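Small disclaimer: the values here were computed from a predicted structure and weren't measured. Keep in mind that the numbers below use all heavy atoms, side chains included, and drop hydrogens, waters and symmetry copies.
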Amino acid sequence: MGKDGKLFKLNSDSPKYGNKSLVTKEQENELKRKKISFSFLHFKQIPYFQIGASSKAWHIGLIERLSTLSAMTPQEILEDNRGSIALRCHPIDWDAKNIPIQRKDLDWLPTEILENESDFPIMQISITKSTGRIVGYFDRDSSIFHIVLLDPEHNIQPAKKTNYQIQPTTKGLSQYDELLNKLERIKSIVSDCADKGCKLHSHISVIEELHDNIVYIGLDNDFYTAYQEALKIFSLQEIMEKGILASMDYD
């Protein structure tokens, strides 16, 4: 429900040619019964909306909230007031006191979305009362909600009870990205070394050449135990190479 008390008007789910519907009434009703799905196509971490310091419990709360919402239709969330107190679903008030961003700052969104606030209002949905908000918009197909930001610190709508303070956040990185950051720090330190024949220089060069060939894998408990034993004899690269060669020889 909007600030003026009027119900939100969802984007039309019914395909039309001019004013003529291309689907039957039964098909249109079926479209309205579609449950919400979520897209991370336009998700981004920016200052004040980063999730690097968020706890495991926060991430579990996020997944559980997405699971709950996935059993609901847009109409149940926006128009029927189902769970309205818990969900706190409403458009962002860009005039809110001390809000750290404006709509125009979401400049990675498609232009037709960013410049069309009336059809695509940026909205917030509560994760839980104490663990922040999901920020995004409903697509032309109103059953798709595009998540644009995650707000673990309630920075999107600063609260009076916290004196409208904005909390800093830390960018969340994958383990691989963290390794790259550490490598950059090492390169910065080694760059001061006058001896260009230093072994560290050659080691860093070799590591950088491998960036395009990084592979992520997951192992079950038995294979992981065997992998730990194999590491006592072979390097990870040797294990991978031997496994690949063995599989190529398999008939």
Side-chain angles (χ1 to χ4, degrees), residues 1-3 8 10 35-103 105-109 113 117 120-139 142-178 181 218:
M1 184 170 290
K3 291 186 290 184
F8 291 126
L10 295 175
K35 308 297 184 184
I36 288 179
S37 59
F38 294 91
S39 168
F40 284 85
L41 176 64
H42 301 303
F43 170 71
K44 190 172 182 178
Q45 293 186 78
I46 61 175
Y48 304 115
F49 301 94
Q50 300 163 317
I51 58 176
S54 299
S55 67
K56 182 166 122 179
W58 182 87
H59 285 88
I60 292 172
L62 170 63
I63 293 170
E64 288 180 340
R65 175 60 87 198
L66 293 177
S67 174
T68 299
L69 292 169
S70 296
M72 301 172 67
T73 67
Q75 184 172 348
E76 288 173 331
I77 293 178
L78 298 176
E79 297 178 2
D80 293 346
N81 296 316
R82 175 179 168 186
S84 60
I85 296 177
L87 295 178
R88 297 176 177 82
C89 180
H90 60 77
I92 301 302
D93 178 6
W94 298 110
D95 294 322
K97 183 175 180 179
N98 214 26
I99 185 170
I101 62 170
Q102 289 296 306
R103 183 184 176 100
D105 296 321
L106 308 176
D107 55 9
W108 62 92
L109 295 180
I113 302 297
E117 185 169 5
F120 302 100
I122 302 299
M123 309 187 70
Q124 71 160 34
I125 303 175
S126 171
I127 298 175
T128 68
K129 185 175 181 180
S130 60
T131 53
R133 304 289 185 264
I134 300 164
V135 179
Y137 66 93
F138 283 97
D139 204 340
S142 296
S143 67
I144 300 174
F145 187 85
H146 287 277
I147 296 176
V148 177
L149 299 170
L150 291 173
D151 180 22
E153 298 294 340
H154 295 213
N155 287 333
I156 196 68
Q157 299 283 220
K160 182 177 180 179
K161 66 180 180 181
T162 59
N163 198 28
Y164 304 101
Q165 291 183 347
I166 304 301
Q167 300 301 320
T169 57
T170 302
K171 187 174 183 178
L173 298 174
S174 69
Q175 290 178 320
Y176 178 53
D177 289 326
E178 287 182 347
N181 282 352

Who pairs with His59 by ring-ring contact (aromatic ring centres under 6.0 Å, His included), at least two apart in sequence or on another chain?
none
Just jot down the ring-ring contact (aromatic ring centres under 6.0 Å, His included) partners of Phe40, sequence neighbours excluded, or say none.
Phe43
When you look at Leu109 and Tyr137, which way does the side-chain contact (heavy atoms from CB on, under 4.5 Å) test go after all the steps?
CA-CA 11 Å; Leu109 295 180; Tyr137 66 93; 4.1 Å; yes
Quick check against the 3.5 Å criterion: does [X] have a side-chain atom that pairs as donor or acceptor with the backbone of [Y]?
X      : Y      : value
Asn163 : Gln165 : no
Ser70  : Leu66  : yes
Trp94  : Arg103 : no
Glu153 : Ile166 : no
Asn155 : Tyr48  : yes

For a 4.5 angstrom cut-off between non-hydrogen side-chain atoms, does [X] reach [Y]?
X      : Y      : value
His146 : Ile144 : yes
Ile125 : Arg88  : no
Ile51  : Gln45  : yes
Pro74  : Ile36  : yes
Asp151 : Leu149 : no
Trp108 : Val148 : yes

When rounded to the nearest 0.5 angstrom, what distance separates [atom1] in [X] from [atom2] in [Y]?
X      : Y      : atom1 : atom2 : value
Leu62  : Arg133 : CG    : CZ    : 13.0 Å
Leu41  : Asp139 : CG    : CG    : 9.0 Å
Lys35  : Met72  : NZ    : CE    : 9.0 Å
Lys171 : Thr169 : NZ    : OG1   : 11.0 Å
Asp93  : Ile122 : CG    : CD1   : 14.0 Å

Run Ile134 and Phe145 through side-chain contact (heavy atoms from CB on, under 4.5 Å) and show every step you take.
CA-CA 10 Å; Ile134 300 164; Phe145 187 85; 4.0 Å; yes
For the pair Val135 and Ile147, evaluate side-chain contact (heavy atoms from CB on, under 4.5 Å) and give the outcome as yes or no after the intermediate values.
CA-CA 6 Å; Val135 179; Ile147 296 176; over 6 Å; no
Verify the neighbour count for atom CZ of Phe38: are there more than 12 heavy atoms of other residues, nucleotides or ligands below 6.0 Å?
yes
Would you sort out whether Met123 and Cys89 count as a side-chain contact (heavy atoms from CB on, under 4.5 Å), showing the intermediate values?
CA-CA 7 Å; Met123 309 187 70; Cys89 180; 3.9 Å; yes
Can you name the residues that form a side chain to side chain donor-acceptor pair (under 3.5 Å) with Gln157, not counting sequence neighbours?
none
Measure across Pro152 and Gln50 and return the closest heavy-atom pair with its distance rounded to 0.1 Å.
CG-O, 3.4 Å
